[in-house]
Amino acid sequence: QSIREDATAKLEQMSRENYAAYVAVLNQVFASEQADGTLRQLAGLALKNSLVAKENVRKEEYAQRWLSVDQGVRSEIKQAALRTFGSAGIARSTAPQVVSAIAEIELPTNQWSELIPTLLDNVTNQESALQRQASLQTLGYICESTEPMVLAINANEILTAVVQGARKEETNDDVRIEALHALYNSLEFIRANFDREGERNFIMQVVCEATQSSDERIQLAAFECLVRIMHLYYDKMRFYMEKALFGLTVLGMNSEHQGVALQAVEFWSTVCDEELELQEEANEAFEVGEQPERVSFDFAKTAAPEILPVLLWMLTQQEEDADEDEWNIAMAAGTCLALLAQTITDHIVPPVIPFVESNIQSTEWRYREAAVMAFGSILEGPNPQILTPLVNQALPTLINMMRDPDVNVKDTVTWTLGRVSDVLVECIKPDIHLPQLVSALVLGLEDNPRIVGNCCWSLMNLAEQLSNADDTDQETSPLSRYFEGVITALLRITDRPDNEANSRTSAYEAISTFVSTAAKDCYPNIEKVAITVLERLEHTLSVQNQLIGSDEQNAHYELQSNLLSVLTSCVRKLGKNISSIADRIMTVFLQILNSQSKHSTTKEDVFIGVGALISALEADFGRYLEPFMPILYSALQHPEEYQLCGIAIGLIGDICRALGENAVQYCNAFMELLVQNLQSPVLHRNVKPAILSCLGDIALAIGGQFESYLNVTMMVLQQAGNMRADKTNLDMIEYVNQLHEGNVEAYVGIVQGLASGGKIFVQPQLTERLPFHYEAALIAPYVPGMFTFLSIVAEDEYKSDTLVRSLVGLIGDLADALYGTDGKQFFQVDWITQTLREARSSRHYSQSTKEVARWAKEMVKRTLQS
Amino acid sequence: MPFVFKDPAAGSQTTAPTSDTPTDSPLDTLSISSILETTSLTPKQPDVHKLDKSPLGSRTREQTQEERRKKALQLQKRSRQNQIEYARRLAFEKTTVSQEDSDDEPATETADIVDDDMGEGSKGQPKQRRTRKMKKQDAFRDQVMFAEWLIDVPGDLYENWCVVPCPVGKRCLVISANGQTTARLRSGRVLNKFESILPAGSSTYKGNKVTDYCILDCIFDPVHWVFYVVDIMCWKGHPIYDCDTEFRFFWVATKIQADEMDVPNAGNQFYKFQALQAASTTELKNVIANPYAFMPPNVKANLDGYLFYNRETQYVVGTTPLVCWLSIDKVQELLVDKIS
């Protein structure tokens, strides 16, 4: 044992200190035909693991490390790996991985250019099936992991070799499987070939033939290819659907091999997915009066009569004790049915309903479950007017089935009721169905954990859908009379010591939702919930020191998080009314925060709760600031825990809004920490936009007293404003949008905070009795910079709706602040008029953006007329 | 001191790859099982479409946490939005709201008088009837600067305060915008809608009806149809509420000129606007002795009491100790007895 540890440590050290030597040693073992097979395989894997990594940073680092190794050494390793293709031992299976790992690094840097030709040569000319198989496998790996651009120059040759290996003339099944896998991985970059009819026909023919192989593995690989082809090349599929795919896939669904059947179902799920997207595109094009670029061929609608009976039959093929995570035919069929319902809408109803009706009362649980599953799957898609009478009719039966003896049936029933609550809540008549429904769901809370989870989900959906989202302060709601009963039942579940199948967390989530959607007549009950939860939280603190082992600790922290989440909902709902227990709440918050827990998610939850408390108590929160501030500062000093740091930054904003000018005493510290975080190379970038907005919050709160921070703030904003996104990188586009939004929000805070009531340059029309507006004058030097920034953002075609809303708002604020001054010239430019017009009229923008834009337009107009 | 907006991952000073995360390090390469676990020998199973049949049960702790974070962020964003749109919104009464209001709301509601007394807190506050329109009116609710009752004479009465004698009437916020004038009670309830001589307050107004809006703090005398202007928040689109008292009163005096605003001149404009006058507290004795001399000429309403303004306060919405109300029946007890 100690020898092994010693060896491990030595190797470890070597990999760090002398990588070249390390890989050379590994290679020696790997390449040696005399060495033990397992050992060789191991050496190969270690070699491969030293080349590839999942995270981008490390990947880059590994690549550089490899490339810095001497040419000769590298070349030797590469040759050895290629030689191993022909080896008889099990090391052979590792060689393709090693080769493709090296290729992934070297090909993009234009090295090892002879590799692909060598592999292709192996595939076409090698007698040895092992060699061909390994070469194809390597090609497959390379196609999977390497940028398609890099391989494009070899696309023709790769395709030729791969398709050749996949043909039915290839007698070695192993070779054929590898060829199909490689084909699967190369489908994306052979677009040019696929565009040419001749080549396409050939590829399709080879794949279709492979579905008829007697080897189940080949069938499976071929169906996987078909799914991917349908996804990538839907537009080209019309001909092949009519000729072959239609029949092949229906046949595949009936295959006795589960894997093949699953892929055949997946094929149709993919068809639906594509057609749904095409419908979306068509709708969008229709709205602007254009022709869609691509059209749906309605394969799903055409095929429905053929595939529906098979799908419905598949629904009855449940596993006896299906493990949730395990994928099976019945689940795949349910998925496909749901997608089909969305795609062909009303047409799904007539064929499915008879199946439901004739099976829902069956004595065999599989048929009852399948009937309910079918019904639940088609609730989204068809016109609600068609579904409503059916759901009305079915509801009493479904509610009754909550008492079904079979747990699988009950599980699906609760899921279906949850879906009804979610998408067809108007079918649930408060006086007719609600009493039975709620009591059935409450009864279900006594059942097994999976059913509990779905009952909680149903209750949450009911609460969300039956409350009026626009009116958060309703006097009463249809659920008011059940509030107490439901909460009591949910609290009873949460008393259970375990969290099997997430049931306890689900119950707490349901309580949170019930609280946050409750009407006013439930407020007294919410106060009770708050106190109960608070007591439980206090209790968790008292047992904190008795926890043993990490499992117990994790469970403990999760429970605290759940309790905190409910408490936060209560605080948000009750607002000022929480005052009477605010001291107790804050005490618990501080205790948790001070308990040295290493668990940062619990801290996050406390911080979120503190935020709610600040907003509820406003200035009255002031008395807790003294003990809380050190904790807040500490969180701001730990950028490596960026989620917590981000929430802490949000709290600064909450504090500023609640305290207004009185926040000034903390602003030195705030500013210092914020600037530090902006300079931090460790802090996750996602937090940075929030810091910018936060600067605006501070300026807005303390107005003229922001003067001493103005300089540094403007430097920050200018630098952030210079960030541009690479237009091919969606993540980056989104990030820069957020950054700019933060930037604009900061400017808004500054302009509103400092210039409000005063005009930025001079006030010619007022007498000397008007005090010279000192604060407004402070901003004056920065105004041209703001306009430059705004113009750049305005011309960015990728700007988001919320960014535009902030942007036009700032234009309006500036127009107000520059009214009657020499700043009028800033508005006499096309981009402002254009941006405001676009924001008012484009359908891409939300109603609230349009409103702000209308306001801004008037402000600008007035300033231009001044 | 550069600010960093790039992903920390893209920075050059990344940590050494070995020690912190062991998964990819060669350290465990000697255990066969671990290496086989982390390295798949078969190609990845392609992802398939999956219907989630236990939406809550399958949620991971991270997902739940992410939901909570998002929710908190959303709420914070909304608070910020509310705050920065506050200034914009107050001035810009949405036309849609005003139309709906006028449809179903009587022009006057006498029962609201109690609620619109000058001071805060001494009388009952019937609030329960205000449910239906609550939300829409919220923007206008409590927008008047309300006085606290004067209980004690401030020590700096003579240095830092001024006094405004007020006639009997309803305190209201008058907003002229979009060619219309709206008077709202403290509750936000619309007291009256009409065309007035105020800028932007009538359909015949010659200037820009949208941007020349005004917001005035008034006392309405329903008997004589006069709005007595106590204070001013916005004039022709210029916000003035954060100027100090003296400037605002100066503004009232210059803009609500006698002979100009108190003469209804055309069509529907029946309502007069008269500026109340602020007197220096050094003249307090004279004011108390003869209050009508310190009120606009031709005031027909009776004296209700006095508002004391701290000279330096900005216009603060809601109740503030920097403005105090002294009703006429308390003058003797609280003021005359103490200052003499």
Side-chain angles (χ1 to χ4, degrees), chain A residues 4 8 11-12 15-16 42 45-46 49-50 53 56-58 61 93 140 181 224 266 269 324 334-335 338 415 450 453-454 456-457 471 475 501-502 505-506 558 565 601 608 611 615 650 653 657 678-682 684-685 688 697 716 719-720 723 739 748 752 756-757 769-770 855 858 862, chain B residues 1-9 11 13-14 16-18 24-27 29-30 32 35 39 41 43 46 48-51 53-59 61 64-65 68-69 72-73 75-76 79-80 83-85 87-88 92 131 134-135 208 210-211 237-243 247 250:
Chain A
R4 193 179 129 169
T8 311
L11 272 177
E12 156 87 342
S15 80
R16 258 177 305 170
L42 217 46
L45 287 174
N49 284 354
S50 80
N56 278 330
V57 193
R58 192 163 294 181
E61 205 178 312
S93 63
H181 284 157
E224 285 172 2
E266 180 61 17
S269 292
E324 268 175 271
T335 304
W415 172 77
R450 267 182 75 178
N454 275 350
C456 291
W457 182 61
D471 189 357
E475 288 299 315
N502 239 0
T505 298
S506 304
E558 180 160 17
S565 154
T601 42
I608 291 172
S615 304
R657 275 185 289 279
L678 283 167
Q679 291 167 336
S680 162
V682 183
H684 196 289
R685 69 173 191 193
K688 308 251 164 158
D697 294 339
V716 168
Q719 204 187 315
M723 286 291 290
L739 200 63
V748 168
Q752 282 198 5
S756 88
R769 291 213 47 176
L770 178 67
W855 167 80
E858 294 301 334
R862 190 185 66 138
Chain B
M1 46 170 196
F3 305 106
V4 184
F5 295 106
K6 292 207 169 71
D7 199 326
Q13 62 280 59
T14 41
T18 38
D24 274 344
S25 96
L27 185 66
T29 47
L30 289 193
I32 298 184
I35 207 167
T39 318
L41 289 170
V48 293
H49 292 86
K50 277 190 185 179
L51 190 66
K53 253 189 81 190
S54 37
L56 282 186
S58 60
R59 228 196 251 173
R61 174 134 196 236
T64 313
Q65 191 72 12
R68 288 179 197 155
R69 281 190 208 114
L73 264 177
L75 288 170
Q76 252 158 13
S79 319
R80 176 181 299 123
Q83 194 192 14
I84 63 175
E85 277 175 9
R88 302 172 185 165
F92 264 83
T131 52
M134 221 16 195
K135 207 167 142 248
N208 188 327
V210 179
T211 56
H238 302 268
I240 318 190
Y241 40 81
D242 57 357
C243 300
F247 175 73
F250 159 77

Report yes if some heavy atom in the side chain of Lys53(B) is under 4.5 Å from a heavy atom in the side chain of Asn454(A); otherwise report no.
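Side chain of Lys53(B) against side chain of Asn454(A), heavy atoms only: no contact under 4.5 Å found.
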
Taking side chain to side chain donor-acceptor pair (under 3.5 Å) as the test, write out the residues that go with Glu558(A), two or more places apart.
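Thr505(A).
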
In terms of heavy-atom proximity below 4.5 Å to chain B, should Val748(A) be classed as side chain, backbone, both, or neither?
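Just the side chain, heavy atoms under 4.5 Å.
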
Are any side-chain N or O atoms of Asn502(A) and backbone N or O atoms of Leu56(B), one a donor and one an acceptor, separated by less than 3.5 Å?
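Yes.
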
Pair Lys688(A), Val4(B) - check side-chain contact (heavy atoms from CB on, under 4.5 Å), show working.
CA-CA 9 Å; Lys688(A) 308 251 164 158; Val4(B) 184; 3.7 Å; yes

Residue among Gly650(A), Gly334(A), Gly653(A) with most heavy-atom pairs under 4.5 Å to chain B
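Heavy-atom pairs under 4.5 Å are most numerous for Gly650(A).
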
To check you understand the geometry: which heavy-atom pair defines the closest contact between Arg61(B) and Thr601(A), and what is its length?
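Answer, listing the atom of Arg61(B) first, then Thr601(A): NH2-OG1, 3.5 Å.
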
For residues Ser79(B) and Arg657(A), report the shortest heavy-atom separation together with the two atoms involved.
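Shortest heavy-atom contact: CB-NE, 3.5 Å.
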
Pick one of side chain, backbone, both or neither for Gln65(B), based on which atoms fall under 4.5 Å of a heavy atom in chain A.
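It is the side chain, since no backbone atom gets that close.
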
With no hydrogens and no angle check, is any side-chain donor or acceptor of Thr335(A) less than 3.5 Å from a backbone partner on Leu51(B)?
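Checked: pair present.
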
So which residue, Ser565(A), Gly453(A), Ala338(A), ends up with the most heavy-atom pairs under 4.5 Å with chain B?
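Highest number of pairs under 4.5 Å: Ser565(A).
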
Please report the closest heavy-atom contact between Ser506(A) and Gly57(B), naming both atoms and the distance.
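Scanning both residues, the minimum pair turns out to be OG-N, 4.5 Å.
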
Between Leu739(A) and chain B, which part of the residue has a heavy atom less than 4.5 Å away: side chain, backbone, both or neither?
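Just the side chain, heavy atoms under 4.5 Å.
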
Toward chain A, the part of Leu73(B) with a non-hydrogen atom under 4.5 Å
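Neither the backbone nor the side chain of Leu73(B) comes within 4.5 Å of chain A.
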
